[in-house]
4 protein chains.
Amino acid sequence: MGRKSIAEIRKEEIIEAFFKVVSEKGFSKATIREIAHVAGCNHGMLHHYFANKEAIIEAAVDYVMTAYRAELLEGLSHHESAADRIRFLVSWFCDLDRFNLEFSRAWMEFWVLSKTETSVAVALQECYRDIRNIFAEIIRDGINGGEFRKVDATVTANVILASLEGSTMLWVVDPEETPVEATGKQTEEMIADFLAKREA
Amino acid sequence: MGRKSIAEIRKEEIIEAFFKVVSEKGFSKATIREIAHVAGCNHGMLHHYFANKEAIIEAAVDYVMTAYRAELLEGLSHHESAADRIRFLVSWFCDLDRFNLEFSRAWMEFWVLSKTETSVAVALQECYRDIRNIFAEIIRDGINGGEFRKVDATVTANVILASLEGSTMLWVVDPEETPVEATGKQTEEMIADFLAKREA
Amino acid sequence: MGRKSIAEIRKEEIIEAFFKVVSEKGFSKATIREIAHVAGCNHGMLHHYFANKEAIIEAAVDYVMTAYRAELLEGLSHHESAADRIRFLVSWFCDLDRFNLEFSRAWMEFWVLSKTETSVAVALQECYRDIRNIFAEIIRDGINGGEFRKVDATVTANVILASLEGSTMLWVVDPEETPVEATGKQTEEMIADFLAKREA
Amino acid sequence: MGRKSIAEIRKEEIIEAFFKVVSEKGFSKATIREIAHVAGCNHGMLHHYFANKEAIIEAAVDYVMTAYRAELLEGLSHHESAADRIRFLVSWFCDLDRFNLEFSRAWMEFWVLSKTETSVAVALQECYRDIRNIFAEIIRDGINGGEFRKVDATVTANVILASLEGSTMLWVVDPEETPVEATGKQTEEMIADFLAKREA
DNA sequence: AATGAATGAGTATTCATTCAT
DNA sequence: TATGAATGAATACTCATTCAT
């Protein structure tokens with residue numbers, strides 16, 4: 001049975017509340033009482049389910065990163081060729097709807113949080129390494145399959161990831177000014193160009 | 001220009017102390033007392049020069065962004081052709097030494113701070129618009145001068161800025177894992193490729 | 001006598017757990033949850049058997065003092081002459097093994113507790129009066145039987161009790177520094193001397 | 001100049017307030033806010049002068065023990081012969097006025113506190129060792145001077161200390177029931193008897 | 001009988017800010 | 001100017017107690 005216990009439900013509610021507060025008001029405003037309020041429960045409850053604030057942070061970061069990675073892999077599974085997969089990746093990162101705004105805001109908070117919370121730093125680094133590896137593997141596949149020219153897979157993966165994360169971040173800072181669709185398209189084009197085989 | 005008043009000197013010292021504390025320990029640790037301590041003065045003094053903490057933040061953000069922009073423009077003034085200028089921009093952003101690590105850390109704190117402090121948000125947006133415009137102007141020059149192919153200058157400026165800011169950020173999050181020099185070179189190459197005129 | 005009910009058994013388990021926690025970690029650490037954990041039951045159960053924490057304290061203090069008194073009387077029953085009985089008392093108090101360390105620690109906690117919990121204060125006073133009376137009776141017997149010289153029985157009982165309780169306490173505070181066996185022997189000697197008939 | 005700074009005055013006030021609260025209501029009631037209230041200042045002030053509660057405890061324990069020792073030594077300086085000095089010690093310990101009741105209550109709290117606060121444990125042990133040594137020295141002087149019979153000075157010091165501390169403690173627990181003057185006199189007599197030279 | 005979810009009062013500590021000297 | 005004493009709001013965390021299941 002997939003029935004969740006009350007404890008599991010509550011924990012998820014709390015994590016989601018934490019995530020919501022962080023993305024809407026920033027981590028500095030994410031007090032235990034505010035999280036509890038948003039989760040619709042008493043602040044004492046939070047300490048019933050999580051030993052301390054750090055534990056909530058860890059659980060939330062874990063929750064988000066797992067979801068992030070899972071969604072990415074799920075999307076990739078629908079694409080075959082290396083070029084298709086790269087194109088999907090770019091469009092996925094650049095598909096910046098309201099949900100992603102919330103998500104990205106919280107993500108940025110985690111960057112900063114990683115300076116003081118080692119567990120966040122570790123999770124973030126692992127997550128990026130993971131994504132980098134996924135990117136690099138696709139690039140290697142593309143090179144081996146003759147779709148891409150011979151580039152350094154790891155470095156190129158990093159360059160692509162940087163472009164995408166940078167796009168997201170600029171958009172978060174100033175959604176109005178950033179022509180998100182055009183930027184996405186052009187980033188896709190730039191990356192495709194860079195990877196494409198060139199005439200001798 | 002006249003001599004700086006003592007008050008101005010003190011203000012600058014305080015701003016620099018603020019910046020130092022933020023970059024080293026994060027904004028959450030940047031208490032009035034800590035800033036005063038680093039600035040070598042009494043915490044009561046801070047309120048003599050700045051009405052409240054928010055005023056310090058505003059001044060510091062303003063100070064940093066002005067310096068950032070000035071340094072960028074100064075560097076650009078030594079380069080003539082559009083291609084050279086773009087190349088300089090990329091190398092300038094990717095010249096990630098110890099100073100830049102500190103700088104970038106503080107910069108990331110400002111991103112996050114912009115969620116709660118409107119003044120920071122405004123300053124950050126203005127700063128990015130400014131840089132985007134500088135980039136776009138160079139691109140337009142390059143197009144007009146026949147160095148670059150005809151791309152949308154604004155969008156491309158954004159794409160380039162995103163690549164560069166993304167690189168910096170990934171490096172800050174995990175300096176060890178990010179092959180910073182290789183990434184810089186390849187980013188430069190990718191952007192140059194993208195802007196270069198193509199054979200018909 | 002009939003069998004003990006389950007409720008009585010549970011109550012005793014809880015009391016013993018309370019006593020154990022107090023002697024090992026101190027009263028300040030004796031939370032309801034900790035007591036329940038040591039007693040091997042749910043903390044909600046404690047409130048099923050005891051109305052509140054105060055009730056547990058009262059019951060525990062009562063339990064301990066009853067046991068203390070019973071053991072003392074049992075030991076005394078094996079001795080006949082007043083001098084023997086006094087000697088037994090001293091050795092009993094000074095037989096400071098590991099169990100007594102635990103016991104004495106908890107006892108000291110009760111002293112302190114008696115300041116805030118009237119019931120503990122009353123129990124402690126009753127207990128000491130009881131012991132004082134036992135001592136005084138023996139002394140009176142000794143005087144009447146010609147074993148001891150004519151001293152004020154009540155005052156002397158108090159002096160002896162003070163010596164013994166003081167010894168215990170010093171030993172609890174600094175077990176390493178207190179030469180417990182020698183101290184016990186010498187205390188015994190001092191008291192015996194004091195009570196002994198003197199040559200005219 | 002013996003002028004005390006405001007900081008020193010405040011610190012002393014706080015320590016005295018702490019001591020007062022502990023002796024009147026027990027350590028468990030000695031909250032930062034209560035101490036501040038008794039000291040007549042804001043609770044934030046306490047953290048201005050003492051880093052944390054532990055620091056207050058340490059300072060208070062140190063303060064009390066230093067005063068205790070100083071008063072003891074001062075009193076001893078007015079007495080010459082070993083027998084006189086011992087007599088003074090006993091009378092000093094047994095001079096149980098209102099001040100001593102407060103003092104002794106707090107002292108008992110420290111015993112219990114020493115289980116959880118290492119610094120208190122250390123201070124208490126050092127204090128007792130100190131007093132024991134003072135006692136032992138007097139006894140040794142008495143033996144050498146031919147006033148006392150040859151006893152083990154250390155052990156006897158411990159026995160005497162135990163008698164005195166035990167008397168105090170019983171009096172604290174039940175001031176009404178303990179005939180304090182008579183007990184003191186008899187304790188003095190018992191100890192004098194024990195130390196006195198005996199006829200061969 | 002037994003569990004653990006839920007509540008709310010209480011505790012140490014931090015920190016921006018004010019103000020007397 | 002400059003110092004640091006003083007204030008009070010805010011914050012994470014603890015714990016006895018209640019109550020639904």
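These numbers come from the heavy atoms of this one structure, side chains and all, not from hydrogens, waters or symmetry mates. Throughout, protein chains are lettered first and strands after them, A, B, ... in sequence-line order, and every chain is numbered starting at 1.
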Taking atom P of F:dT14 as reference, at what distance in whole Å does atom CZ of A:F50 sit?
-> 15 Å
Side-chain N or O of D:N42 closer than 4.0 Å to phosphate OP1/OP2 of F:dA6 = no
Pairing partner of E:dA5, by Watson-Crick or G-U wobble and under 3.5 Å for both distances, is F:dT18
Student check: side-chain heavy atoms of C:I32 and C:H47 closer than 4.5 Å = yes
Take atom NZ of A:K29 and atom C1' of F:dA12, then tell me their distance rounded to the nearest Å.
-> 17 Å
When only distance counts, do a donor and an acceptor, one from the side chain of A:H43 and one from the base of E:dA9, lie under 3.5 Å apart?
-> yes
Length of the line joining B:I57:CD1 and E:dA16:C1', which is rounded to integer Å = 11 Å
Less than 4.5 Å apart, any side-chain heavy atom of A:K29 and any of A:E34?
-> no
For D:K53 and for A:I6, locate the closest nucleotide of DNA chain E by heavy-atom distance; then report the residue assigned to the nucleotide nearer the 5' terminus.
-> A:I6
Any side-chain N or O of B:R10 less than 4.0 Å from the OP1 or OP2 oxygen of F:dA2?
-> yes
Could you say whether A:G40 or C:M45 is positioned toward the 5' end of DNA chain E, judged by the nucleotide with the nearest heavy atom to each?
-> C:M45
Under 4.0 Å between a side-chain N/O of D:Y49 and OP1 or OP2 of F:dG4, yes or no?
-> no
Can you check the C:I35 CD1 to F:dT17 P distance for me, whole Å?
-> 11 Å
Is there a side chain to side chain donor-acceptor pair (under 3.5 Å) between D:Y63 and D:E12 once you walk through the steps?
-> CA-CA 9 Å; D:Y63 179 81; D:E12 251 179 49; 4.5 Å; no
Nearest-Å distance, CD1 (C:I56) to P (F:dA16)?
-> 9 Å
Give a yes or no on whether a salt bridge exists between D:E13 and D:R10, defined as a side-chain N under 4.0 angstrom from a carboxylate O.
-> yes
Starting at atom CD1 of B:I32, determine the distance to atom P of F:dA6, rounded to an integer number of angstrom.
-> 21 Å
Comparing A:E54 and C:R33 on DNA chain F - which has the more 5′ nearest nucleotide | A:E54
Rounded to whole angstroms, how far apart are CD on B:E34 and P on E:dT14?
-> 14 Å
Which residue, C:F18, C:F19, C:F50, forms the side-chain contact (heavy atoms from CB on, under 4.5 Å) with C:I35?
-> C:F18
By nearest-heavy-atom nucleotide on DNA chain F, the more 5' of C:G44 and A:N52 is A:N52
Are OP1 or OP2 of F:dT1 and a side-chain N or O of B:H48 less than 4.0 angstrom apart?
-> no
Nearest-Å distance for atom pair CD1/C1', residues D:I14 and F:dA5 = 11 Å
